[in-house]
Amino acid sequence: MPDSTAPAPEAPVDSSMSVQEHLEELRVRLVRAVLALAGGFVVGWIFRRDILYVLKRPLLEVLPEEARHTILLKVIDKFFIDLKVAFIGGLFLATPFILYQIWRFVAPGLYPHEKRLAFPLVAIGVLFFFGGVSFCYFLILPFAFAFLVSYSQSGGDLLLLQNTLPDAVAAADRLTVALREHIGFTASILFAFGLAFETPLVMFFLGWTGVATPDWFARQRKFAIVAVFVFGAFLTPPDPWTQAALAIPLYLLYELGIWATRLFLLFRSRKDLQS
């Protein structure tokens, strides 16, 4: 005879929504996300000069005094740069609200215990993203730009030209930085690091949904080590110290993902046994 005192199984928060209601909910969340991005763009436009300086600063600090400037290649470049800078600032400002709208869209289909877990995951994801951006901005970019500037202004080519050409100074390369390309490159690297620091969260989600297990992630350690060093070599100068400064934190994040997923699944299995 079934126990009438046993708790009823949990049901999703709202499993009665029709397809049309889901589409309407999706439309509402998309509109709010776009409005948040538009509002962030307005704020980014107001502070575009400050954002532009922040994006230029890691490079300007390592340029020699005589080359401490950037150039515009086209007369319309400055306008498009301002638009790009405002969009970058708006995207960074709106990211937490956009993630919140994604959570609000999927929340009706979650069980109550999953809903309680989803919001902290969104908050942690935002912190990890901005942590990756900060790590790249304050640690990786200064080393990377210092190496690249030093390499670009290396005297080796000039010394070779002096022995072969009468006008070596005219033939040698001069370092000039196109502002439009530099802003796009810097923003792309910052965004890539922000996404890379989401690795533990992605692993946790895969373990939570049953797509992968912590043991499977543990068996892939050797591939993870190779992947983080390849990623480090791709995004940093050919300097082993800079590559290690990126690869080691990424691998530690991989280990964090394994242990966080393992602890969560252990806690969930014990809770299921007790219920």
Side-chain angles (χ1 to χ4, degrees), residues 36-37 39-98 125-155 173-198 231-250 253:
L37 185 58
F41 178 85
V42 172
V43 176
W45 181 264
I46 295 173
F47 294 99
R48 63 189 184 277
R49 300 291 183 238
D50 301 291
I51 300 172
L52 180 60
Y53 174 74
V54 168
L55 293 174
K56 291 169 60 176
R57 181 179 176 182
L59 175 65
L60 295 178
E61 287 184 343
V62 298
L63 284 173
E65 188 67 33
E66 66 275 8
R68 195 162 295 169
H69 60 271
T70 54
I71 63 171
L72 303 174
L73 299 178
K74 300 177 182 178
V75 69
I76 201 171
D77 271 0
K78 190 64 175 176
F79 176 71
F80 281 118
I81 288 169
D82 284 347
L83 289 178
K84 181 183 291 188
V85 168
F87 177 78
I88 292 170
L91 180 61
F92 276 81
L93 287 175
T95 293
F97 187 79
I98 292 173
V126 172
L127 290 176
F128 274 32
F129 178 81
F130 286 110
V133 171
S134 300
F135 177 83
C136 176
Y137 184 82
F138 291 106
L139 294 179
I140 299 300
L141 287 183
F143 284 104
F145 285 140
F147 172 84
L148 293 173
V149 169
S150 176
Y151 183 84
S152 299
Q153 296 203 321
S154 173
D173 294 330
R174 171 176 290 182
L175 176 63
T176 55
V177 181
L179 182 58
R180 189 171 180 177
E181 283 71 18
H182 170 69
I183 295 303
F185 171 77
T186 303
S188 300
I189 293 297
L190 291 173
F191 191 73
F193 270 77
L195 292 181
F197 270 58
E198 300 290 343
F231 185 74
F234 180 75
L235 291 180
T236 60
D239 170 17
W241 300 108
T242 308
Q243 293 174 8
L246 170 59
I248 291 175
L250 288 180
L253 288 172

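Remember, predicted model here, so these are calculated numbers, not experimental data. As a basis for the values below, the full set of heavy atoms in this structure was taken, side chains included, without hydrogen atoms, waters or symmetry mates.
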Can you confirm whether [X] sits close enough to [Y] that some side-chain heavy atom of one is under 4.5 Å from a side-chain heavy atom of the other?
| X | Y | answer |
| --- | --- | --- |
| Leu55 | Leu190 | yes |
| Phe145 | Glu61 | no |
| Phe197 | Cys136 | no |
| Leu72 | Ile81 | yes |

When rounded to the nearest 0.5 angstrom, what is the spacing between [atom1] in [X] and [atom2] in [Y]?
| X | Y | atom1 | atom2 | result |
| --- | --- | --- | --- | --- |
| Lys56 | His69 | NZ | NE2 | 10.0 Å |
| Ile46 | Phe41 | CD1 | CZ | 11.0 Å |
| Leu141 | Phe135 | CG | CZ | 10.5 Å |
| Leu179 | Phe80 | CG | CZ | 14.0 Å |
| His182 | Ile71 | NE2 | CD1 | 13.0 Å |
| Ile140 | Phe193 | CD1 | CZ | 4.5 Å |

What pair of heavy atoms forms the shortest contact from [X] to [Y], and how long is it?
| X | Y | result |
| --- | --- | --- |
| Pro142 | Val62 | O-CG1, 4.2 Å |
| Leu73 | Ala178 | CD1-CB, 3.9 Å |
| Gly40 | Leu93 | O-CD1, 4.2 Å |
| Ile183 | Lys84 | CG2-CD, 3.9 Å |
| Pro249 | Ala244 | CD-O, 3.9 Å |
| Thr95 | Leu91 | OG1-O, 2.6 Å |

Using modelled atom types and a 3.5 Å cut-off, is there a donor and acceptor pairing between side-chain atoms of [X] and backbone atoms of [Y]?
| X | Y | result |
| --- | --- | --- |
| Arg68 | Leu63 | yes |
| Asp82 | Phe79 | no |
| Ser150 | Ala146 | no |
| Glu198 | Phe128 | no |

Which is it for Phe92 and Phe129 under the side-chain contact (heavy atoms from CB on, under 4.5 Å) test, yes or no, and what are the steps along the way?
-> CA-CA 10 Å; Phe92 276 81; Phe129 178 81; 3.9 Å; yes
Does Phe47 CZ have over 12 foreign heavy atoms under 6.0 Å away?
-> no
Take atom CZ of Phe191 as the centre, draw a 6.0 Å sphere, and report whether it contains more than 12 heavy atoms from other residues, nucleotides or ligands.
-> no
